[in-house]
Amino acid sequence: KMESRSLVTDINDLRAEYGDAPLICWLDFASPKRRAQLEDVSILLKKTRPGDVVRVTMNANPATLGEQRHGELVEARDTRRLTKLRNDLGDKLPGEVDEQDITNDQFPELILRMIRMEMTKAMESQPQLVFQPLGSYSYSDSHHTMLTTTGIVLRADQIRDFIKQT
């Protein structure tokens, strides 16, 4: 097990140690430190090569934006949570975000959109490569709702054959 920042900054050392075979990298985040986590995703994607598989798991529990206060109306709680999200991650948000995006049902989708936006920006540094999503799902572990997304890095000219063969 390796800390995510070590993985993303030392990935070239891992390649040197294990050879040039494609890597499978899983950034498994349980804490809600989303800004640093999205930065790790970006750093990693900028260093990927064709065939690398990247999986990202992030906490998608809207309660991490603030617990319900005693006597507080749901609308007030959601407004407070939205303000915190905008203050913490405003530049990482994909377009307009409102109170509906921070509900238990919709927050995992918002986290996915944030991850994908970060990945798309990161891949601009390697325009010949594309991050091809393979699957995404949310689930509840013992404490939180989590969001996991997985994909493979391909050359743009490999996508059609990859999809046909899988």
Side-chain angles (χ1 to χ4, degrees), residues 1-62 64-65 82 84-98 100-102 106-139 144-166:
K1 183 178 176 182
M2 171 180 257
E3 292 296 317
S4 65
R5 188 54 57 109
S6 296
L7 170 67
V8 301
T9 56
D10 299 338
I11 193 168
N12 291 332
D13 295 339
L14 291 171
R15 288 187 196 284
E17 184 176 340
Y18 293 105
D20 277 340
L23 298 177
I24 299 171
C25 302
W26 184 8
L27 300 178
D28 187 14
F29 303 115
S31 73
K33 298 175 183 172
R34 295 181 184 96
R35 176 167 293 280
Q37 293 162 358
L38 291 168
E39 289 169 1
D40 284 353
V41 169
S42 181
I43 293 167
L44 177 61
L45 265 286
K46 289 176 182 176
K47 295 180 178 187
T48 55
R49 295 182 183 171
D52 287 349
V53 173
V54 176
R55 170 176 273 188
V56 178
T57 298
M58 288 181 71
N59 188 314
N61 183 355
T64 60
L65 298 170
L82 183 59
K84 178 172 177 36
L85 182 68
R86 286 180 176 151
N87 289 341
D88 292 351
L89 295 164
D91 60 321
K92 304 285 186 190
L93 296 176
E96 287 299 313
V97 175
D98 62 27
Q100 294 304 309
D101 292 308
I102 56 170
Q106 293 302 310
F107 197 55
E109 176 65 28
L110 176 61
I111 297 295
L112 178 60
R113 290 181 5 234
M114 291 168 60
I115 294 169
R116 293 237 173 110
M117 187 175 91
E118 199 68 26
M119 289 175 161
T120 299
K121 285 182 190 175
M123 294 308 292
E124 290 172 359
S125 70
Q126 301 189 81
Q128 73 283 9
L129 298 181
V130 175
F131 181 81
Q132 175 63 46
L134 298 175
S136 300
Y137 53 91
S138 61
Y139 60 94
H144 297 289
T145 300
M146 306 297 289
L147 178 282
T148 295
T149 186
T150 306
I152 186 168
V153 176
L154 300 170
R155 289 189 326 267
D157 64 351
Q158 294 176 306
I159 294 173
R160 179 173 286 164
D161 287 342
F162 177 81
I163 291 172
K164 208 181 330 181
Q165 292 174 7
T166 56

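Values reported hereafter were calculated over all heavy atoms of this structure, with side chains retained and with hydrogens, waters and symmetry mates removed.
Rounding to the nearest 0.5 Å gives a distance of 13.0 Å between CD1 of I111 and CZ of R116. Of the inter-residue distances, the one linking I11 atom CD1 with T48 atom OG1 reads 7.5 Å to the nearest 0.5 angstrom. Note that CD1 of I102 and CG of L82 are 5.0 Å apart. Values are rounded to the nearest 0.5 Å. Atom CG of L27 is separated from atom CG of L7 by 6.0 Å, given to the nearest 0.5 angstrom. Here the straight-line distance linking atom CG of N61 with atom CE of M146 works out to 9.5 Å at 0.5 Å rounding. Note that CD of E39 and NZ of K33 are 13.0 Å apart. Values are rounded to the nearest 0.5 Å.
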(request) Apply side chain to side chain contact (heavy atoms under 4.5 Å, CB included) to V56 and Q37, showing your working. (result) CA-CA 9 Å; V56 178; Q37 293 162 358; over 6 Å; no

(message) With side chain to side chain contact (heavy atoms under 4.5 Å, CB included) as the criterion, how do D101 and D98 come out once you've worked through the C-alpha distance, each side chain's angles and the decisive distance to 0.1 Å?
(response) CA-CA 6 Å; D101 292 308; D98 62 27; 3.5 Å; yes

(message) If you apply the rule side chain to side chain contact (heavy atoms under 4.5 Å, CB included), what do you find for L147 with I115, and how did you get there?
(response) CA-CA 10 Å; L147 178 282; I115 294 169; 3.9 Å; yes

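Residues M119 and F131 come closest through the heavy atom pair SD-CE2, 3.4 Å. Nearest heavy-atom pair across M117 and L93 is CE-O, 3.6 Å. Nearest heavy atom pair, residue W26 against residue T57, reads NE1-OG1, 2.9 Å. In terms of heavy-atom proximity, L65 sits nearest to K84 at O-CD, 3.2 Å. When all heavy atoms of P22 and P50 are compared, the closest pair comes out as CG-O, 4.2 Å. Nearest heavy atoms, R34 versus N59: NH2-O, 3.2 Å.
Looking at heavy atoms from C-beta onward, L129 lies in side-chain contact with M123 at the 4.5 angstrom threshold. Taking 4.5 Å as the limit, every side-chain heavy atom of L45 sits out of range of all side-chain heavy atoms of E118. Residues S4 and D28 fail the side-chain proximity criterion, which asks for heavy atoms closer than 4.5 Å.
Within a 6.0 Å sphere centred on CG of L14, other residues, nucleotides and ligands contribute more than 12 heavy atoms. In the displayed structure, K92 atom NZ is contacted under 6.0 Å by more than 12 heavy atoms of other residues, nucleotides or ligands.
Between the side chain of R55 and the main chain of T148, no donor-acceptor pair closer than 3.5 Å is present. One N or O on the side chain of R86 and one on the backbone of V97 form a donor-acceptor pair closer than 3.5 Å.
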With a cut-off of 3.5 Å and sequence neighbours excluded, list every side-chain donor-acceptor pair involving residues 154-164.
residue	atom	partner	partner atom	Å
R155	NE	D157	OD1	3.1
Q158	OE1	R155	N	2.7

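Among residue pairs with one or both ends in residues 6-19, those qualifying as salt bridge (Lys or Arg N to Asp or Glu O under 4.0 Å) are R15-D52; sequence neighbours excluded.
Each of D88, D91, D40 was evaluated against R35; a single residue qualifies, D91, per the salt bridge (charged side-chain N to carboxylate O under 4.0 Å, His left out) test. Just one of T166, I152, V54 meets the side-chain contact (heavy atoms from CB on, under 4.5 Å) condition when paired with L134; it is I152.
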